[in-house]
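See below for the structure under consideration.
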Amino acid sequence: MARYTGPITKKSRRLGTDLVGNDKAFEHRPYPPGMHGRGRTKESEYLLQLREKQKARYAYGILEKQFRRYYEEANRLSGKTGDNLLIILESRLDNVIYRAGLASTRRQARQLVVHGHFLVNGKKVNVPSYRVSAYDVIDIKPKSLNMYVFQVARETYNEKVVPGWLTVRPNKGRVLVHQLPVREQITIDVTEQLIVELYSK
């Protein structure tokens, strides 16, 4: 399960957006890294398109080959390709765990999934890229409910904003997927049309 394991704050600074969520280091230095980080960069059309793709890739923790497969699938579906792509990315199990507030970052959510702490419709799933569907029920395994990370999630639940397509019952460790999200419910700072233009060349 290949993934980017380098310093994500550095990528946030390079791309000009917080890829982690509440990244204090990025807030402290929100300009590109390196000795010329505060200089001006000539922004070509290609650079803008590439930056949007990289934002989405690093935010969701996906390598290029898998990201292209998601794009090709989104392109085959009816509707807007860009919207379809973001819906596919949002419906990954690791992202759903993060959006539900059971993990503080997508990286942490991915690790929790890989370690087998979740059941989907009663069956253990340890694949972060597993795609949830409408009406799925995601549970923390009973043996894992009292882990420190989930205790913190329960105590801080009211501080988090859970999207409308999910319902979370923190005391039970349960997430209900009412539907797949629509574009208006996806809050990531990405202009998906630029990604479509990049891959359409």
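In what follows, residues are counted from 1 in the order of the sequence shown.
- Counting heavy atoms of neighbouring residues, nucleotides and ligands inside a 6.0 Å radius, atom CZ of Arg183 exceeds 12 of them.
- Put simply, the side chain of Tyr130 does not reach to within 4.5 Å of the side chain of Val96, judged on heavy atoms.
- A salt bridge is absent between Arg131 and Glu90; no separation between the charged side-chain nitrogens and carboxylate oxygens falls under 4.0 Å.
- Tyr98 and Arg92 share no donor-acceptor pair across their side chains, judged by distance under 3.5 Å alone.
- Checking Gln54 against Arg57 by side-chain atom types alone, a donor-acceptor pair falls below 3.5 Å.
- Taking CD1 from Ile97 and CD1 from Ile138, the interatomic distance works out to 5.0 Å, rounded to the nearest 0.5 Å.
- One side chain, Gln49 or Lys201, offers a donor N or O that lies under 3.5 Å from an acceptor on the other.
- Between Phe118 and Phe150, a ring centre-to-centre spacing shorter than 6.0 Å is recorded.
- Side chains of Pro128 and Leu93 form no contact here, defined as non-hydrogen atoms less than 4.5 Å apart.
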Residue pair Lys55, Glu52: steps toward the salt bridge (Lys or Arg N to Asp or Glu O under 4.0 Å) verdict: CA-CA 5 Å; Lys55 277 186 196 176; Glu52 293 306 304; 3.1 Å; yes

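- Under the 4.0 Å criterion applied to side-chain N and carboxylate O atoms, Glu64 and Lys53 are assigned as salt-bridge partners.
- The 12-atom threshold is exceeded at NZ of Lys160, counting heavy atoms of other residues, nucleotides or ligands nearer than 6.0 Å.
- Contact annotation: the side chain of Asp139 never approaches that of Val175 to less than 4.5 Å [non-hydrogen atoms, C-beta and beyond].
- Taking the ring centre of Tyr60 as origin, the terminal cationic atom of Arg106 falls inside the region bounded by 6.0 Å and 45° from the ring axis.
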